[in-house]
2 protein chains.
Amino acid sequence: MAGLRESILRTSLELFEQKGFHGVTVNQIVAASNTSKGGFYHHFQSKDELLFVIHDTFITYVLKEANAANEIHKSPIKKIQSIIKAFVKVFDLYKPHISVFYQESNYLKPEYEEQIKRKRDAFKQMVFQVIEEGQETGDFRKELPMEITGMAILGMVNWIYKWYTPEGKYTIDEIADVYVDIILHAILTTNVVSEENFQSHMLERPFFTEKK
Amino acid sequence: MAGLRESILRTSLELFEQKGFHGVTVNQIVAASNTSKGGFYHHFQSKDELLFVIHDTFITYVLKEANAANEIHKSPIKKIQSIIKAFVKVFDLYKPHISVFYQESNYLKPEYEEQIKRKRDAFKQMVFQVIEEGQETGDFRKELPMEITGMAILGMVNWIYKWYTPEGKYTIDEIADVYVDIILHAILTTNVVSEENFQSHMLERPFFTEKK
DNA sequence: CATTACAGACCAACCAGTCGGTCTCTAAAG
DNA sequence: CTTTAGAGACCGACTGGTTGGTCTGTAATG
């Protein structure tokens, strides 16, 4: 038998994703995890703490990945490319977490909310930062307001949780490629991501273009 | 005194936006609306019906606007432009509705959910349709998978409810302009939305570009 | 034998929804 | 003009079921 704590986390995650945090009772969680109230409250202080743990594992992971992507590269183009790819791929791993995260974040108790908010803001600031850098180096179009552009990108990616399923028509890598392409087309000053630009910007070729 | 029904709708909307559907009790709604349980249940069958009404007024409006935008124009470029603009502007009018809509749509009772889903799908299909048209006419890049592109656009716009506030740095019209610009840059085959293209595609000039 | 891990009966609070009743306004009857 | 009848709007005490959380007991562990 695996650790009970992990088992509770897994099953509750499934339940929350299907029915929402308020649509699932502690008794249901306990039944689905083959344990008892005692078992549950031995590992978690409250139902709210459970919600927090789910939020936290996801956001911590995203922030870590983004930081890594950000540090590896120095060109803003490679940076944003790499962050977006990492970000999109997270949805393959953590889709249930993210669904719960965005649908129930209102209901976090203040003490938990603050911690989550800090990490989320850190991530957002990082994206903003990269956009600003790109505008300064001249790689990104200066006429686009940085905040709006940043939120557009974040929204586009975040929304994936509403529709992505591993059984869908496209793999997560294909989706990531398309998103990178869309965003780069939108913000690069070099308007054509043409054959030459694959070299010049060291862009990876997305799956949906053919080498001629 | 305005109608009690409207008054309940307005106050409950505010409360739901702040605390979420499950964070607000009928008694709180009743107190904030200066009425009583009796008053409430005279106008609404249940708390769930209230949620449905909120969802429905918003989605009905969006669908109507988008249909109008879609019918006025015949060029796919103008169509998508017009739909996006209308869509973005909705957030100025209905932000509380939309917040509740996206955070609590899990909790709609099946009989209500179906109605909402139908309208939402109709809207989505319309966006997909326009993208397909644009690809057929050669205005939009054929290499972009239609579904992914469509969801990217919808996500980008929908996410606005998370951050937009009328008191913010940019007006809703400015945001709409930037979004249209970003999307057109991303999907138009004509890669440069340059001076000539303003004429050729009859694009309106967004607020952040200067005539030279 | 002591600490940790879990079981499950139990409880107090809460909350959507009900129900009998009041008040007001209109309109027909006398 | 007055009285009566009825309908719609609204009130608020009450309830029945539900839910998160507690507490005492017990088995395993080391």
Side-chain angles (χ1 to χ4, degrees), chain A residues 1-56 100-101 103-113 116, chain B residues 1-56 100-101 103-113 116:
Chain A
M1 220 196 305
L4 179 59
R5 190 187 152 94
E6 302 309 314
S7 163
I8 292 174
L9 276 171
R10 258 186 301 110
T11 51
S12 66
L13 200 51
E14 271 178 45
L15 291 174
F16 287 160
E17 197 191 6
Q18 287 167 36
K19 312 186 184 188
F21 182 71
H22 295 279
V24 179
T25 71
V26 175
N27 276 321
Q28 286 175 299
I29 295 172
V30 154
S33 311
N34 278 100
T35 181
S36 62
K37 277 291 182 71
F40 181 91
Y41 281 98
H42 179 70
H43 290 288
F44 298 96
Q45 285 188 22
S46 64
K47 196 188 173 191
D48 295 280
E49 195 201 335
L50 177 60
L51 184 60
F52 167 73
V53 172
I54 291 173
H55 278 52
D56 195 60
V100 176
F101 181 77
Q103 261 154 30
E104 317 287 350
S105 53
N106 281 78
Y107 298 111
L108 271 181
K109 292 279 152 64
E111 63 262 39
Y112 296 129
E113 197 189 343
I116 298 293
Chain B
M1 225 194 306
L4 179 57
R5 191 186 152 94
E6 302 309 314
S7 162
I8 291 174
L9 277 171
R10 257 186 300 112
T11 51
S12 66
L13 200 50
E14 272 178 47
L15 291 173
F16 288 159
E17 197 191 6
Q18 288 167 37
K19 310 187 186 186
F21 182 70
H22 295 279
V24 179
T25 71
V26 174
N27 276 319
Q28 285 174 300
I29 295 172
V30 155
S33 312
N34 279 101
T35 180
S36 61
K37 274 287 182 73
F40 180 91
Y41 282 97
H42 180 71
H43 289 287
F44 299 95
Q45 284 187 24
S46 64
K47 197 187 173 190
D48 295 281
E49 195 200 334
L50 177 59
L51 184 60
F52 167 73
V53 172
I54 290 174
H55 278 51
D56 194 60
V100 176
F101 181 78
Q103 263 153 28
E104 317 287 351
S105 53
N106 282 80
Y107 299 111
L108 269 183
K109 293 277 152 65
E111 65 262 37
Y112 296 129
E113 197 189 343
I116 297 294

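Naming: A, B, ... by sequence-line order, numbering from 1 per chain.
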Discussion item. So if I take every side-chain heavy atom of B/Val26 and compare against D/dG12, C/dA16, C/dC6, which nucleotide ends up nearest?
Written reply: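 Given the options D/dG12, C/dA16, C/dC6, the side chain of B/Val26 is closest to C/dA16.
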
Worksheet item: Nearest to the side chain of A/Thr35, which nucleotide is it out of C/dG17, C/dA7, D/dG20?
Response: C/dA7

Rounded to whole angstroms, how far apart are [atom1] on [X] and [atom2] on [N]?
X: B/Ile29; N: C/dC15; atom1: CD1; atom2: P; value: 12 Å
X: B/His22; N: D/dG20; atom1: NE2; atom2: P; value: 12 Å
X: B/Tyr41; N: D/dA13; atom1: OH; atom2: C1'; value: 15 Å
X: A/Ile8; N: C/dA5; atom1: CD1; atom2: P; value: 12 Å
X: B/Phe44; N: C/dT18; atom1: CZ; atom2: P; value: 15 Å
X: A/Glu6; N: C/dA5; atom1: CD; atom2: C1'; value: 15 Å
X: B/Leu50; N: C/dA16; atom1: CG; atom2: C1'; value: 13 Å
X: A/Arg5; N: C/dA5; atom1: CZ; atom2: P; value: 12 Å

Practice prompt. Tell whether B/Lys37 reaches the base of C/dG17 with its side chain through a donor-acceptor pair below 3.5 angstrom.
Written response: yes

Worksheet item: Toward the 5' end of DNA chain C, which comes first, A/Gly39 or B/Lys109, by nearest nucleotide?
Response: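 The answer here is A/Gly39.
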
Are the side chains of [Y] and [X] in contact, using a 4.5 Å heavy-atom criterion?
X: A/Tyr112; Y: A/Tyr107; answer: no
X: A/Arg5; Y: A/Val53; answer: yes
X: A/Glu113; Y: A/Ile116; answer: no

Worksheet item: Between the main-chain N or O of B/Val30 and the side-chain N or O of B/Ser33, is there a donor-acceptor pair closer than 3.5 Å?
Response: no

Discussion item. Can you tell me if A/Ser46 touches the phosphate of D/dG20, counting only side-chain N or O atoms and a distance under 4.0 Å to OP1 or OP2?
Written reply: no

Discussion item. Would you say A/His42 places a side-chain N or O within less than 4.0 Å of OP1 or OP2 belonging to C/dC6?
Written reply: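 A/His42 to C/dC6 OP1/OP2: no side-chain N or O under 4.0 Å.
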
Discussion item. If you assign each of A/Gly38 and A/Asn27 to its closest nucleotide in DNA chain D, which residue comes earlier from the 5' end?
Written reply: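 Closest to the 5' end, via its nearest nucleotide, is A/Asn27.
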
Discussion item. Over 60° means perpendicular and under 30° means parallel, so tell me whether A/His22 and B/His22 are parallel, tilted or perpendicular.
Written reply: parallel

Discussion item. Heavy atoms only, 4.0 Å cut-off, all strands: where does A/Val24 land among base, sugar-phosphate and nothing?
Written reply: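 Sugar-phosphate contact only - A/Val24 comes under 4.0 Å of backbone atoms but never of a base.
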
